[in-house]
Every structure is written in structure tokens, then in C-alpha cells.
Amino acid sequence: MALIDLLDVSKKFEAQKILCNVEFHLDEGERVALIGKNGSGKSTLMKIIDKTIDPDSGEVITKNGIKIKRLQQSPKFKENLTVREAIENELTEFKEAYQKYLKLTKEFAANPDNKTIQSEMDKISKFLDFHNAWNLDDRIERIMLEFDLKKYENKDISLLSGGEQRRVALASLLLQKPDVLLLDEPTNHLDVYMTEFLEEILLKDKYTFIVVSHDRYFIDRIATRVVELENCKLRSFKGGYADYIRQKEELLKAKEKEYENEIRLLKREEEWLNRGVKARLKRNEGRKKRVLELREKVKEDRREIRQIEMQLKRELLAKEDEKINRKKVMFEIENLTKSLGNKKLIENFTTRILQKDKIAIVGKNGSGKSTLLKILIGEEKPDNGIIKVGENIKIGYLDQRKTMLSDDKDLIETFCPHGGDHVNVRGRNMHVYGYLREFLFPPEYLTKKIGVLSGGEKTRVALALLFTKNYDVLILDEPTNDLDIPTINILEEYLMDFEGSVIFVSHDRYFVDKIAKKLFIFKGEGIVEESHIPYTEYLEIEKELKQIENVKWKMENEEKKEKPKKRTQKKLSYKEQKELNELPKLIEDLETTIAEIEECLANPECYQEKGLVSLSKELEEIKKIYDEKLERYLELEEKKEKLQMEN
């Protein structure tokens with residue numbers, strides 16, 4: 001039986017259909033990525049699964065006794081708790097189970113024949129094994145360090161930012177390891193290193209989960225299945241994100257073939273309908289009805305084919321850079337230095353930013369990336385250094401708070417502040433609705449106030465607004481936050497076509513690889529490194545270098561421990577020499593014994609007398625001893641030769 005079954009489930013809010021007679025199953029060990037446009041119903045589906053809300057119809061069946069827990073967009077905590085207390089507060093069940101196991105261990109030692117105690121110990125042991133809860137304190141320390149929460153462990157959790165509170169909630173859920181984990185945008189507010197740690201722990205500890213995410217590399221690495229929610233229906237694709245795109249291409253080919261067949265059939269039926277349907281109206285009413293249904297299906301299939309074509313075009317879009325003989329200088333930066341209190345963010349950074357440069361600013365949270373953006377737009381001043389801005393350069397800036405938008409204005413007022421209903425977009429005069437439809441806004445949104453929109457919708461409005469202006473440089477701070485994958489694809493298309501420079505901060509590795517031609521890497525301690533390799537390639541090199549450093553550090557420490565021994569030992573010790581002298585005779589005796597047992601095993605009379613099982617066990621044990629003695633002999637011989645060479 002599956003852990004979760006959704007059977008013929010439907011849900012709508014007022015006139016908007018969210019789910020239409022959907023089927024969904026989740027088996028133990030599955031890692032499902034749920035994708036779809038913002039507002040398509042992904043969070044609603046999760047709330048139906050954990051029974052926060054009920055479906056309008058259909059069944060939600062969960063396996064008896066399983067625990068389902070969900071990472072919420074705005075987590076709630078008990079009052080007056082520190083960060084560590086908030087995490088430990090959710091782990092009481094596991095700590096109590098561990099203490100009970102220790103108590104039972106003592107009781108079992110005093111009464112080893114008690115089957116009840118043994119059965120209870122086995123039950124608790126399996127529980128602690130599944131939840132990986134044997135060494136909770138060590139796991140708490142590790143996860144707090146990896147999610148950069150250690151510095152806040154004694155701070156009241158209510159004083160943390162929304163992103164920091166989300167990291168606390170995620171840490172707590174990972175430590176609990178419920179039977180099914182529901183993760184709604186878990187990589188929001190995580191830097192790339194935190195995301196890599198999350199990937200590692202989800203895979204290593206074998207979680208069963210459903211995740212909503214716009215991070216395509218994250219989906220590609222962790223998902224065993226991608227489920228797409230579109231037009232209130234679910235469609236399942238086996239594998240990660242790359243597999244999903246490949247299967248979408250195959251689906252497009254199948255749909256196009258099906259569409260061609262439908263067109264041929266419709267043409268024949270239309271000819272029949274036009275020839276003499278009046279004479280056969282009553283007799284062929286059913287056939288007439290099927291023709292009308294086929295017309296609608298052809299329209300529907302054509303719409304779906306166009307949608308898939310557009311999605312794949314945006315996803316696979318990759319243009320070669322045009323050669324520019326003379327590039328305009330946007331920024332010249334010399335010896336830029338900036339600190340925040342005692343923390344050095346940037347030290348003596350020099351670079352030049354040219355027309356058409358696409359630059360990603362990457363690094364850990366809090367390393368100074370957003371500060372550099374603010375320095376470039378003049379919102380903050382450097383401590384030292386020079387920034388020269390190109391002549392007549394117009395800069396468009398998207399910050400994380402979307403300060404360019406006014407909550408009391410609707411979309412028409414935002415895009416046409418001087419009246420009218422048209423905007424100019426890259427030389428095209430477009431109706432506002434036609435343009436906003438490209439950013440997936442339905443027509444009823446035109447009169448909605450900005451203040452009532454969700455975070456993702458505000459980001460879409462802000463980005464759409466940027467592309468209606470004549471800017472030379474776009475400076476974007478986390479532009480993919482709160483966006484769904486279809487909208488990110490649209491953003492990528494616009495940025496790749498943009499004639500000016502793009503400078504952006506992002507932790508989305510897929511987005512960075514696709515857009516950036518250059519990286520500014522914030523490495524800490526004021527170091528900003530410039531690189532022209534793809535971001536994922538840089539991360540792999542960084543990981544390999546770290547592994548080499550760790551090996552080097554271990555070797556140096558081992559050498560330090562061994563050096564005193566090397567200085568004092570010129571030959572084998574008396575005990576080692578005695579052992580070396582005795583081992584050849586012992587090895588020879590063992591070889592003789594092995595040969596005798598093998599000979600007996602080949603003789604039915606012999607092995608029947610001594611017992612086949614007994615002989616086989618004896619042979620196995622003696623072979624093990626033989627291997628150990630032979631390895632020890634070779635080790636001592638090698639050591640003796642090494643000492644002779646050194647002296």
C-alpha cells in the first residue's frame with residue numbers, strides 16, 4: 001500500500017478550479033518534485049495531503065500511523081524560545097525514546113531472558129534507526145552550523161528575520177524525519193552551500209517527501225519523479241528535471257502526431273456535416289455531437305501544443321553572444337573597500353563592467369553581495385576606492401522588497417501612470433494586457449491593487465515593469481525568489497535578449513549557469529574573485545580543492561604524530577622482531593591445516609564423520625587467521641626494510 005493515495009480529488013475556490021478529479025500516489029522512498037505556475041494549486045495540494053484543508057470531493061487515504069509534516073511559508077513557534085530551544089522542543093519524543101532504550105538496556109543486562117524487554121528494545125531501536133535519532137546532539141550541532149544558525153542559538157526566535165525562521169523550521173523538520181515531509185520552496189533563503197547540504201541530507205538519510213521548488217538543479221539532483229500541476233490536472237514524469245524536459249519533448253511529438261490525426265478526422269467529418277446533415281439530423285444526432293466535441297478537442301490540443309512548445313523554447317533557449325567590436329563601459333571600479341562594523345565585506349576590488357556583460361554575484365549569505373549592488377546604484381558609499389559610472393547610463397534596480405512598486409496602485413496605473421493602455425517593450429508597442437499575459441497574468445488582474453498580490457506576483461510585476469523602461473544596466477537582487485519555473489523561463493528569455501549589462505545576485509545555480517558569463521565570487525574576509533567559468537563547474541572545483549585540503553591536513557597531522565617515533569626507532573623492536581621470526585612457521589602450519597581440512601571436505605567418509613558444517617566453519621575461521629598473520633608478516637617485513645633504508 002502507498003503511504004498516500006489521492007483518489008478522484010477535486011478542489012476549487014469560488015469560480016477558480018484548482019484540482020479536477022486528480023489521482024496521486026506516494027510510495028515509501030519516493031522523492032516527488034511538484035511543479036507548476038504560481039497560483040496553480042501546488043500549496044493547496046500539499047494542504048489537502050496533510051489534511052489542513054479538505055477536498056470538495058474525492059478521497060485522501062493515508063497509511064495508518066504515519067506522520068506527515070509540512071514546511072510552511074511563515075512558520076509559527078511557541079513564545080519565548082531561543083533558536084536551540086525551538087529546535088529541541090520538537091525532538092522531545094526522540095530524546096525520551098533514547099532514554100527509555102538506555103533504561104531497558106540496563107534491565108535486559110540484569111534479566112537477559114526477558115522476551116518482553118527484548119521486544120520493546122527492538123521496537124525502540126527500529127524507531128531510532130528510522131528517524132536517525134541515536135546521536136541527536138551531534139546532528140543538531142551539524143545542522144545549525146550548515147544552516148548558519150549557530151550564532152543565533154541563544155537568541156529569541158521571534159527576533160529573527162522571516163528567512164532565518166524558515167531555516168530554523170527546516171532544520172527542525174529534517175531532524176524529526178517524519179514518514180512524509182512536505183517542503184514548500186525549501187531553498188528560498190538558503191545560499192548555494194546550504195542548498196548542497198540540504199541535497200546531501202535528503203539523499204543520504206533516505207527521506208520520503210514532496211517538494212515544491214523553482215530550483216531546477218535541486219529538482220534534478222533529488223527527485224525520483226516530477227509531477228506537473230497544470231490546468232487543474234496532474235501529469236507525472238519519471239526522474240529529475242532533465243528527464244522531465246526530455247519527456248516533455250517526447251510528449252510534444254506524440255501530441256503533434258495525435259493532433260494531425262484529429263485534423264484529418266475532423267476534415268472528413270466536417271465534409272460529411274456540410275453535405276447533408278439536415279436530411280439525417282435525427283438519425284445522426286450522435287455523430288453530429290461527436291463532430292462538435294472533436295472541434296473542441298482539436299482547439300484544446302492546439303492550445304496545449306503551443307504551451308509545451310513555448311515552455312521548451314524558453315527552457316532550451318541558448319544564444320551565442322554577438323561580437324561587439326567596441327563595448328561601452330558601464331562601471332569602472334578601482335580598489336573598492338567596504339566593511340560593516342568589524343566585518344570586512346570587500347577589500348581592494350578592481351574590475352570593469354562592459355556593455356552586454358552578464359554577471360552573477362555569488363557567495364554565502366551575509367558575505368556582502370547585496371551591499372555591492374547598493375554601492376553600484378549609489379545607495380551606499382564605499383569606505384575606500386573609486387567607482388566611475390559610464391556617461392548617461394540608466395540603471396534599473398530590482399531589490400528584494402520591490403520598493404519600485406506602490407501598494408495603492410493597480411496594474412494599469414503602475415504600467416501606464418500617464419494614462420492610456422499601451423506600453424513600449426523592446427521597440428514593440430503592446431497593450432498592457434497582452435504584455436502582462438507574457439508574464440502569466442490573467443485579464444482580471446489589471447484592476448488589482450499591488451498591495452493584495454502575493455510575493456511571487458509582485459516580483460513578476462516588478463520584472464515586467466523593468467523591461468518597459470529603456471535601461472542600459474539591470475541590477476537584480478535575487479530575481480528568481482518566489483517565482484515559479486515557467487516565469488523564470490520567461491525572465492531568462494528577456495535577460496538573454498537584453499542589449500545592456502545584467503548584474504544579479506542569485507543562489508539559483510541553474511539560472512546562474514544559463515545567464516551569467518562572468519562571476520563575482522564573495523569568498524569572505526573581503527576577498528572578491530572574478531571568474532569566467534560556469535558556476536556549477538566552479539563549485540565542483542571548490543569542492544575538490546576542499547577535499548584535497550582536508551586530505552593534506554590529515555596527512556600533516558599524521559606526520560606530526562609519527563615524527564617522534566621515526567626519530568627514536570632505528571630497527572624493529574624486540575617484540576616485533578620476535579613476532580617476525582615466529583610468523584613464517586605459524587603461517588606454514590596454518591597452510592598445512594587448511595590443506596588437511598580441504599582434503600577432508602573432498603572425502604565423503606571424512607566429512608560425514610567430522611560433520612560438514614563444523615568443518616566448513618573451522619576452515620573459514622582458520623583462513624581468516626591465516627590472512628591476518630600473512631598481512632602482519634608482510635607489514636613487518638616492509639617496516640624492517642624501510643628502517644634499514646632510513647638508517
Side-chain angles (χ1 to χ4, degrees), residues 34 42-53 66-99 127-128 130-133 135-191 193-195 197-199 201-202 205 207-213 215 218 364-366 400-401 454-456 478 481-482 507:
L34 182 60
K42 302 184 296 294
S43 297
T44 300
L45 180 60
M46 283 195 170
K47 289 174 184 175
I48 287 173
I49 288 170
D50 77 351
K51 300 187 178 176
T52 303
I53 60 174
I66 68 164
K67 288 191 177 178
I68 302 171
K69 297 212 170 183
R70 177 166 54 94
L71 175 67
Q72 299 183 25
Q73 291 284 359
S74 301
K76 301 286 188 292
F77 300 94
K78 289 184 179 178
E79 291 183 0
N80 303 317
L81 290 178
T82 65
V83 168
R84 180 175 276 274
E85 286 168 348
I87 292 172
E88 291 185 340
N89 190 55
E90 301 297 325
L91 305 175
T92 308
E93 180 185 9
F94 310 111
K95 293 195 172 186
E96 287 175 353
Y98 181 65
Q99 291 304 319
F127 173 78
L128 293 172
F130 177 81
H131 294 284
N132 197 7
N135 54 343
L136 270 179
D137 288 338
D138 291 344
R139 294 187 69 226
I140 291 168
E141 284 296 312
R142 168 114 197 265
I143 211 162
M144 287 182 74
L145 282 168
E146 295 289 352
F147 282 162
D148 197 25
L149 296 170
K150 185 69 179 166
K151 59 191 176 187
Y152 305 126
E153 67 177 323
N154 297 315
K155 190 174 181 179
D156 191 312
I157 195 162
S158 63
L159 301 176
L160 267 59
S161 69
E164 289 159 352
Q165 287 187 4
R166 285 254 303 171
R167 297 210 301 270
V168 174
L170 178 58
S172 176
L173 285 173
L174 291 171
L175 288 163
Q176 291 172 62
K177 198 194 174 188
D179 299 285
V180 177
L181 192 52
L182 305 177
L183 300 170
D184 197 349
E185 294 289 3
T187 62
N188 273 7
H189 312 291
L190 299 187
D191 62 32
Y193 303 100
M194 296 175 192
T195 301
F197 170 71
L198 177 60
E199 291 169 350
I201 199 170
L202 288 173
D205 292 345
Y207 289 74
T208 300
F209 60 84
I210 303 169
V211 61
V212 171
S213 179
D215 188 327
F218 177 71
K364 290 187 175 182
N365 283 348
Q400 293 188 43
R401 291 172 296 164
S454 69
E478 294 287 3
N481 264 10
D482 301 317
H507 296 302

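Note that the coordinates shown come from a computational prediction; the quantities given were computed from them, not determined experimentally.
- Looking at every heavy atom in both residues, F77 comes nearest to A86 through CD2-CB, 4.0 Å.
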Do H507 and N365 pass the side-chain hydrogen bond (donor to acceptor under 3.5 Å, both in side chains) test, and can you show the C-alpha distance, the side-chain angles, and the key distance before you say yes or no? CA-CA 9 Å; H507 296 302; N365 283 348; 2.9 Å; yes
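- For the residue pair D156 and S158, a side-chain donor N or O sits within less than 3.5 Å of a side-chain acceptor on the partner.
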Output, in order, the C-alpha distance, side-chain angles, deciding distance and verdict of side chain to side chain contact (heavy atoms under 4.5 Å, CB included) for L175 and F94. CA-CA 10 Å; L175 288 163; F94 310 111; over 6 Å; no
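- Partners of Y152 by side chain to side chain donor-acceptor pair (under 3.5 Å), not counting sequence neighbours, listed by chain and number: E164.
- Pairs engaging residues 165-174 under the side chain to side chain donor-acceptor pair (under 3.5 Å) rule: S172-Q176 [sequence neighbours left out].
- Ring geometry for F197 against F147 counts as perpendicular: the plane angle is over 60°, on a 0 to 90° scale with 30° as the lower cut.
- Looking at heavy atoms from C-beta onward, T208 lies out of side-chain contact with D179 at the 4.5 angstrom threshold.
- Remark: N80 CG to I157 CD1 distance equals 12.0 Å, nearest 0.5 Å.
- Counting heavy-atom neighbours within 6.0 Å of Y193 OH, excluding the residue itself, gives a total above 12.
- Within the model, atoms CD1 of I53 and CD1 of I48 stand 4.5 Å from one another, a figure rounded to the nearest 0.5 Å.
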Would you check, one step at a time, whether the test side chain to side chain contact (heavy atoms under 4.5 Å, CB included) holds for E85 with K78? CA-CA 10 Å; E85 286 168 348; K78 289 184 179 178; over 6 Å; no
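- With a 4.5 Å cut-off on side-chain heavy atoms, S43 and V212 do not count as touching.
- Heavy-atom minimum distance, K76 versus S74: NZ-O, 3.4 Å.
- The line from CD1 of I68 to NZ of K51 is 7.0 Å long, rounded to the nearest 0.5 Å.
- Counting only distance, with no hydrogens or angles, the side chain of R139 and the backbone of N132 share a donor-acceptor pair below 3.5 Å.
- Minimum interatomic distance between I87 and L91 (heavy atoms only, all atoms of both residues): O-CG, 3.4 Å.
- In terms of modelled atom types and a separation under 3.5 Å, the side chain of K364 and the main chain of D191 share no donor-acceptor contact.
- A distance-only check finds no donor-acceptor pair linking the side chain of D184 to the backbone of L71 [under 3.5 Å].
- Summarising the geometry of L136 relative to A133, their closest heavy-atom pair is CG-O, 3.8 Å, with the distance given to 0.1 Å.
- Heavy-atom minimum distance, M194 versus E146: CG-O, 3.3 Å.
- Annotation: side chain of L198 is in contact with side chain of L170 (closest heavy-atom distance under 4.5 Å).
- Atom-to-atom distance recorded for I201:CD1 and L174:CG is 5.0 Å, nearest 0.5 angstrom.
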Please assess F218 against L202 for the test side chain to side chain contact (heavy atoms under 4.5 Å, CB included), listing each intermediate value before the final yes or no. CA-CA 11 Å; F218 177 71; L202 288 173; 4.0 Å; yes
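- Other residues, nucleotides and ligands contribute more than 12 heavy atoms inside 6.0 Å of the NZ atom of K150.
- Taking CG of N135 as the start and CG of L128 as the end, the distance is 10.5 Å to the nearest 0.5 Å.
- Put simply, CD on E88 and CD1 on I140 are 4.5 Å apart, with the number rounded to the nearest 0.5 Å.
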Determine whether D50 and T52 satisfy the following criterion, side-chain hydrogen bond (donor to acceptor under 3.5 Å, both in side chains), listing intermediate values before the conclusion. CA-CA 6 Å; D50 77 351; T52 303; 2.6 Å; yes
